[in-house]
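Below is one structure, written out as structure tokens, with a few remarks after it.
Just so you know, these numbers come straight off a predicted model, no measurement behind them.
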Amino acid sequence: MTLTDEDCLPETLAFNEQYEAAAASRPARAQAPSAATLALLRRTRLGGDTPPVRLPHGQDRVVEGVKVRFFVPDRVDGVYLHIHGGGWAFGSADGQDERLWRLAEQARLAVVSVDYRLAPEHPFPAGPDDCEAAARWLVEHASSALGTERLLIGGESAGAHLSVLTLLRLRDRHGITGAFRAAHLLFGPYDLSMTPSQRSFGARQLLSNTDTIRGSYELFTPGMGAEQRRSPEVSPLFADLHGLPPARIVVGTEDPLLDDSLFLAARWQAAGAPVQLGVVAGAMHGFTLFPLTVTERQLRRERDFLASA
């Protein structure tokens, strides 16, 4: 495992300590959050306590019955299907407008963010169904609607998981391979029966820990046991990964999902597709939500990967 950004380690670890110290004042993500807690968490920016900034550059549309948000710069050389994170229960397509608009302009991509249905009101397979529908629409209509057939896909956390499921569904259900040229996967959970790093992380009050992960799985896949969650339709780490595009997979060393990225990268590469694996020294889950040096570096690498894929 090769680490990146070790020169930033003091800053990154200091931020982690500050975040843990402030944990008592943040809304708790209980395993069975009340409706009021869900509503509060959904109103605030992921990782923060203020509402997200909604930019006029974003255009809300409905395609194939799914809400999506478009960011279209003056020049479009490709389309990035973005799937947001939030444990399948939080987050929204308009939760990262500033970041997505900057990516659209700098990488010359039309960014299409999926506002998939959230658990617990809409558990599995509702979210994957919405992402699959949006991806199929792009395969069929990107050329006429956005002037390009160059498609890319990716997301953060639960969005990375849904990105891989979407590629697998396109391949297995519709015989579609090669339509998406690359996948960008940030700190995703790929084994919902829990990898060793998920189980052993413990109760540290970072953005995610063993209990919050387990609670997210209960919300997203209620009533499923560990063996059911190992189904390739739920946990892509157990799927046949042949025919998938080149990928960039990123995770931090202080993330309970560390094993998921390490294992997925190995299996992805063994299946025949190139993989760039980035393991960020000291970074916790969701680190790109915060104003850190490693965040700016990661966003630059993301832009360069997607622009050149």
Can you tell me how far the [atom1] atom of [X] sits from the [atom2] atom of [Y], to the nearest 0.5 Å?
| X | Y | atom1 | atom2 | value |
| --- | --- | --- | --- | --- |
| Ile153 | Leu170 | CD1 | CG | 7.0 Å |
| Phe201 | Ile213 | CZ | CD1 | 8.0 Å |
| Phe71 | Leu103 | CZ | CG | 10.5 Å |
| Arg150 | Leu306 | CZ | CG | 8.0 Å |
| Leu146 | Asp77 | CG | CG | 12.0 Å |
| Glu149 | Glu140 | CD | CD | 12.5 Å |

*Shortest non-hydrogen contact from Trp268 toward Pro245*: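 Shortest heavy-atom separation between Trp268 and Pro245 comes out as NE1-O, 2.8 Å.
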_Residue pairs, two or more places apart or on separate chains, that pass ring pair (Phe, Tyr, Trp, His ring centres under 6.0 Å) and touch residues 103-140_ =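 Non-adjacent pairs meeting ring pair (Phe, Tyr, Trp, His ring centres under 6.0 Å): His84-Tyr116, Phe124-Phe220, Trp137-His141.
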*Applying side-chain contact (heavy atoms from CB on, under 4.5 Å), run through Leu81 and Leu151 and close with a yes or a no.*
CA-CA 7 Å; Leu81 180 63; Leu151 303 179; over 6 Å; no
*Assess the pair Phe287 and Phe187: is the distance between their ring centroids shorter than 6.0 Å?*
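Here the rings of Phe187 and Phe287 have centres that are less than 6.0 Å from each other.
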*Partner residues of Phe180 under the ring pair (Phe, Tyr, Trp, His ring centres under 6.0 Å) criterion, sequence neighbours left out*: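 Residues passing ring pair (Phe, Tyr, Trp, His ring centres under 6.0 Å) with Phe180: none at all.
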Does [X] pair with [Y] as a salt bridge, N-O distance under 4.0 Å?
| X | Y | result |
| --- | --- | --- |
| Asp304 | Arg301 | no |
| Arg42 | Glu121 | yes |
| Lys67 | Asp130 | no |
| Glu218 | Arg229 | yes |

*Does a side chain donor of either Gln298 or Thr288 reach within less than 3.5 Å of an acceptor in the other side chain?*
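No, no side-chain donor-acceptor contact under 3.5 Å.
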Under a 3.5 Å distance rule, please check whether [X] uses its side chain to pair with a backbone N or O of [Y] as donor and acceptor.
| X | Y | answer |
| --- | --- | --- |
| Thr12 | Cys8 | yes |
| Thr210 | Gly202 | yes |
| Ser157 | Gly188 | no |

Quick one: are [X] and [Y] in side-chain contact, heavy atoms under 4.5 Å?
| X | Y | answer |
| --- | --- | --- |
| Glu254 | Arg204 | yes |
| Leu167 | Arg171 | no |
| Tyr19 | Leu207 | yes |
| Thr166 | Arg169 | no |
| Arg108 | Pro73 | no |
| Leu277 | Leu262 | yes |

*Could I get the full list of side-chain contact (heavy atoms from CB on, under 4.5 Å) partners for Pro196, not counting sequence neighbours?*
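Checked Pro196 against side-chain contact (heavy atoms from CB on, under 4.5 Å); matches are Asp259, Phe263.
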*Ser92: what forms a side-chain contact (heavy atoms from CB on, under 4.5 Å) with it, not counting sequence neighbours?*
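Applying side-chain contact (heavy atoms from CB on, under 4.5 Å) to Ser92 gives Asp94, Asp115.
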*asked:* Under the rule for salt bridge (charged side-chain N to carboxylate O under 4.0 Å, His left out), what residues qualify as partners of Arg99, not counting sequence neighbours?
replied: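 So Arg99 forms a salt bridge (charged side-chain N to carboxylate O under 4.0 Å, His left out) with Glu156, Glu302.
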*salt bridge (charged side-chain N to carboxylate O under 4.0 Å, His left out) with Asp172: which residues, sequence neighbours excluded?*
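Scan of Asp172 (salt bridge (charged side-chain N to carboxylate O under 4.0 Å, His left out), adjacent residues dropped) gives none.
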*asked:* Give me each pair satisfying side-chain hydrogen bond (donor to acceptor under 3.5 Å, both in side chains) with a member in residues 181-190, each pair once, sequence neighbours excluded.
replied: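 Matches after skipping sequence neighbours: His184-Arg248.
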Once side-chain hydrogen bond (donor to acceptor under 3.5 Å, both in side chains) is applied, do any residues pair with [X], and if so which ones, sequence neighbours excluded?
| X | result |
| --- | --- |
| His174 | Glu132 |
| Ser231 | none |
| Asp260 | Thr195, Gln198 |
| Thr253 | none |

*Give the C-alpha distance, both sets of side-chain angles, the deciding distance and a yes or no for side-chain contact (heavy atoms from CB on, under 4.5 Å) between Ser113 and Leu100.*
CA-CA 9 Å; Ser113 193; Leu100 295 182; 4.0 Å; yes
*Does the pair Leu168 and Leu241 meet the rule for a side-chain contact (heavy atoms from CB on, under 4.5 Å), with working shown?*
CA-CA 8 Å; Leu168 293 170; Leu241 301 179; 4.3 Å; yes
*Starting from Leu13, walk the hydrophobic network (Ile, Leu, Val, Met, Phe, Trp, Tyr; side-chain heavy atoms closer than 4.5 Å) and list everyone else you reach, by chain and number.*
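Members alongside Leu13: Leu9.
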*Given Val63 and Leu138, is the side-chain contact (heavy atoms from CB on, under 4.5 Å) satisfied, shown in steps?*
CA-CA 9 Å; Val63 300; Leu138 280 178; over 6 Å; no
